[in-house]
Amino acid sequence: MDKRQLPVGFMDSGIGGISVLKSTIELLPNEDFIYYGDSLHAPYGTKSVDEIKQLTFNVVDYLLSKGIKALVVACNTATSAAINDLRNLYPDMPIVGIEPAIKPAVVTNQGGRIIVMATPMTIKQDKFHHLLAQYNDQAEIVPLGCEHLMEFVEEGILSGSQLEAYFDEHLQPYITDNTETIVLGCTHYPFLYPYLKKYLNNDDIHIIDGSYGTAMELKRRLEASNLLNNNHPGNIIIENSLPSSNIIDLSWKLLNMPTYEKC
């Protein structure tokens with residue numbers, strides 16, 4: 001079989017990586033994708049590094065058994081903990097991770113505060129601190145560990161009083177008159193964008209994430225390996241470790257949500 005016709009595998013600790021898949025489908029509509037969300041073991045962001053690695057390897061092994069040509073680790077926490085090991089194990093496969101969009105936030109920064117919302121584990125990882133060190137002298141960057149925020153998305157809670165209470169307690173204390181950008185550093189968080197925008201009620205605060213950059217990097221790697229599929233109507237498969245049709249239904253609902261224009 002022509003390797004170009006094989007699917008691209010996506011993995012995440014749950015359904016948040018659907019946000020990255022959504023951007024990738026828009027950029028590469030002729031590719032086949034198989035998405036696997038590990039919602040049974042979510043959240044990854046509160047687990048140890050060894051646990052995260054083992055869970056990530058388990059999902060990747062499953063995707064490899066499906067015959068994928070490339071892998072997207074659509075989870076900031078799994079990327080931080082396991083991406084280097086995965087690339088060492090599978091040096092011939094294009095493997096793309098995701099990281100908080102600090103670089104684009106700094107590039108466009110006009111002197112204001114940048115808040116990086118991410119899981120506690122992402123913020124603890126060396127990979128994040130190395131990324132932060134590259135830009136810390138160029139802007140005020142404030143990491144904000146958002147424990148349990150991704151669970152709202154896993155449960156399909158994308159707005160409402162519970163989310164408002166969470167933002168009141170965990171986010172509002174970090175918002176200042178000088179806040180310029182909020183980086184959504186977990187792939188679950190983009191699905192909270194519409195409500196977060198409403199909550200902030202401030203058009204001067206930009207909200208960005210790394211989905212498009214990850215999609216572009218996948219395209220570059222597929223092109224470099226001559227693996228792009230340009231003459232094929234793309235097909236999408238969504239699977240989940242949680243034995244529930246509800247989680248699959250929610251995944252498709254998120255994938256088909258209207259595209260919103262981010263600042």
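For the pair S225 (side chain) and L227 (backbone), a donor-acceptor distance under 3.5 Å is absent. Side-chain atoms of K219 do not come within 3.5 Å of backbone N or O of L228 as any donor-acceptor pair. Side-chain atoms of S13 do not come within 3.5 Å of backbone N or O of A42 as any donor-acceptor pair. Between the side chain of N109 and the main chain of G112, a donor-acceptor pair closer than 3.5 Å is present. T108 contributes a side-chain N or O that, together with a main-chain N or O of P104, makes up a donor-acceptor pair within less than 3.5 Å. Side-chain atoms of R113 come within 3.5 Å of backbone atoms of Y174 as a donor-acceptor pair (strictly under, hydrogens ignored). Judged by distance alone, the side chain of S251 and the main-chain N or O of I247 form a donor-acceptor pair under 3.5 Å. Using modelled atom types, no side-chain atom of T181 and backbone atom of A105 make a donor-acceptor pair closer than 3.5 Å. Under the 3.5 Å distance criterion, the side-chain polar atoms of Q138 are left unmatched by any main-chain donor or acceptor of Y135. Checking side-chain atoms of Y199 against main-chain N and O of D168 turns up a donor-acceptor pair under 3.5 Å.
Counting heavy atoms from C-beta on, the side chains of V60 and Y90 come closer than 4.5 Å. In this structure, N229 and L28 have side chains that are not in contact, with every pair of non-hydrogen atoms separated by 4.5 Å or more. With a 4.5 Å cut-off on side-chain heavy atoms, L86 and V73 count as touching. By the 4.5 Å heavy-atom criterion applied to side chains, L254 and K22 are not counted as neighbours. Side-chain contact between V183 and D209 is absent, with no heavy-atom pair separated by less than 4.5 Å. When side chains are defined from C-beta on, D38 does not count as touching M11, because their heavy atoms never get closer than 4.5 Å.
A side-chain hydrogen bond (donor to acceptor under 3.5 Å, both in side chains) with T77 is found for one member of T56, T187, T122 and no other, namely T122.
A donor atom on one side chain and an acceptor atom on the other are found under 3.5 Å apart for N58 and Q54. Looking only at atom types and distance, the side chain of E239 has a donor-acceptor partner in the side chain of Y62 under 3.5 Å away. At a cut-off of 3.5 Å, with distance as the only test, no side-chain donor of T214 or S211 sits close to an acceptor on the other residue.
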Indicate every side-chain donor-acceptor pair of residues 123-134 with a distance under 3.5 Å to a residue at least two apart or in another chain.
from	atom 1	to	atom 2	distance (Å)
K127	NZ	E99	OE1	3.2
H129	NE2	I123	O	2.9
H130	ND1	D126	O	3.4

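Summarising the local packing, CG of N231 is surrounded by 12 or fewer heavy atoms from other residues, nucleotides or ligands at distances under 6.0 Å. The environment of D177 atom CG is sparse: at most 12 non-hydrogen atoms of other residues, nucleotides or ligands sit within 6.0 angstrom.
Between R220 and E223, no side-chain nitrogen of the basic residue sits less than 4.0 Å from a carboxylate oxygen of the acidic one, so the salt-bridge criterion is not met. Taking 4.0 Å as the cut-off between side-chain N and carboxylate O, E31 and K69 count as a salt-bridged pair. Ion pairing of E217 with R221 is present here, as a side-chain N (NZ or NE/NH1/NH2) and a carboxylate O approach within less than 4.0 Å.
You'll find the ring centres of Y166 and F152 inside the 6.0 Å limit.
Residues that satisfy the ring pair (Phe, Tyr, Trp, His ring centres under 6.0 Å) test with Y195, not counting sequence neighbours, are absent from this structure.
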